[in-house]
Amino acid sequence: DGGITQSPKYLFRKEGQNVTLSCEQNLNHDAMYWYRQDPGQGLRLIYYSQIVNDFQKGDIAEGYSVSREKKESFPLTVTSAQKNPTAFYLCASSIAGGLLYNEQFFGPGTRLTVL
Amino acid sequence: GDSVTQMEGPVTLSEEAFLTINCTYTATGYPSLFWYVQYPGEGLQLLLKATKADDKGSNKGFEATYRKETTSFHLEKGSVQVSDSAVYFCALRDSGNTPLVFGKGTRLSVIA
């Protein structure tokens, strides 16, 4: 089955540690995205990538980093510079190509708790 | 910039009641509009979409009509079920190759 895999579902880290969240897709999509979800805040865009080896900052990129070395993978690193990293993180992907109506497909999310 | 405004929740309804969740948008261009649903502890799933004025998106008894004159895309369902309890997000895309812009979400609780 085609889809987006995020692992692990729950992640616990100590304050001051970097942590990397995994996102893999087998939909052959060019574009991939990372969102952060907090209660009452909706979804906020962290980073997105429209093609391999290229990515752009979203609205809340500070304290995060990404890489896009392969089409199917878009890992997100939450660094110690992120002031409040505890949140639910969602990865998404879509067909690129400049079409407005292309939907984004979402993974199941990773809940990160920093202790 | 582009933005989406949804009615604040939570919305609590009895089973078989009529549902409306309001969504209005601001966009510089002529966007495509989407509704997503998120069940507890899961990612988002596309519920329906519309790509031009007066288009009606529909799925699983939900529907929404793209109203350019009022810049709105309200979600409706004639008879809700307990299983519809979830968070609903309205979203838009205003230009190609850009990420969707989401509203803050509206939590719906349906009680038996």
Side-chain angles (χ1 to χ4, degrees), chain A residues 3-10 21 23-25 27 29-51 54-61 66 74 88-111, chain B residues 1-10 21 23 25 27-53 55-57 59 64 66 68 73 86-107:
Chain A
I4 301 176
T5 303
Q6 290 187 246
S7 61
K9 190 166 179 64
Y10 299 95
L21 280 60
C23 178
E24 304 277 333
Q25 54 97 0
L27 300 168
H29 287 169
D30 290 301
M32 297 186 74
Y33 315 84
W34 274 106
Y35 292 89
R36 170 179 171 144
Q37 185 176 19
D38 297 280
Q41 296 278 343
L43 273 67
R44 293 184 289 170
L45 182 68
I46 305 172
Y47 269 99
Y48 66 104
S49 168
Q50 295 171 343
I51 196 169
D54 188 37
F55 47 83
Q56 289 78 42
K57 292 182 179 180
D59 301 317
I60 57 164
V66 293
F74 191 41
F88 190 52
Y89 290 87
L90 288 160
C91 179
S93 70
S94 70
I95 300 171
L99 298 176
L100 296 186
Y101 55 77
N102 288 338
E103 66 184 272
Q104 287 179 196
F105 293 79
F106 283 81
T110 292
R111 186 167 297 281
Chain B
D2 298 343
S3 66
V4 175
T5 302
Q6 294 181 231
M7 61 186 290
E8 289 198 18
I21 299 178
C23 171
Y25 67 89
T28 53
Y30 199 0
S32 288
L33 302 173
F34 305 80
W35 275 102
Y36 279 81
V37 59
Q38 183 182 34
Y39 298 103
E42 298 182 7
L44 277 68
Q45 304 173 27
L46 179 68
L47 185 57
L48 52 86
K49 66 182 180 183
T51 59
K52 61 183 186 295
D55 261 4
K56 179 185 283 188
N59 186 26
Y66 189 141
K68 187 171 183 290
F73 192 52
V87 181
Y88 292 83
F89 291 91
C90 186
L92 69 82
R93 177 182 281 120
D94 194 23
S95 60
N97 286 343
T98 57
L100 294 179
V101 174
F102 286 87
K104 290 190 174 183
T106 303
R107 181 176 299 278

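Here is the naming used below: chain letters follow the sequence lines, and residue numbers restart at 1 for every chain. This is a predicted model, so every value here is computed, not measured.
- For chain B, the option among Q56(A), Q6(A), Q37(A) with the highest count of heavy-atom pairs below 4.5 Å is Q37(A).
- Between chain A and the residues E8(B), Q45(B), Q38(B), R107(B), the most heavy-atom pairs under 4.5 angstrom are made by Q38(B).
- Separation of atoms CG (L43(A)) and CG (L100(B)) is listed at 10.0 Å; rounding is to 0.5 Å.
- Counting only distance, with no hydrogens or angles, the side chain of Q41(A) and the backbone of K104(B) share no donor-acceptor pair below 3.5 Å.
- The minimum heavy-atom distance linking L90(A) with G43(B) is given by the pair CD2-CA, 3.7 Å.
- A donor-acceptor pair under 3.5 Å is formed between the side chain of K9(A) and the backbone N or O of G41(B).
- Heavy-atom pairs under 4.5 Å with chain B were tallied for G42(A), G109(A), A92(A); the largest tally goes to G42(A).
- For Q6(B), no part sits under 4.5 Å from any heavy atom of chain A, backbone or side chain.
- We find the CG-CZ distance between L46(B) and F105(A) to be 7.5 Å, quoted to the nearest 0.5 Å.
- A donor-acceptor distance shorter than 3.5 angstrom exists from the side chain of Y36(B) to the backbone of Q104(A), with no hydrogens or angles considered.
- The distance from the OG1 atom of T98(B) to the OH atom of Y48(A) is 7.0 Å, given to the nearest 0.5 Å.
- Enclosure of atom CD1 in I51(A) is not indicated, since only 12 or fewer non-hydrogen atoms of other residues, nucleotides or ligands lie within 6.0 angstrom.
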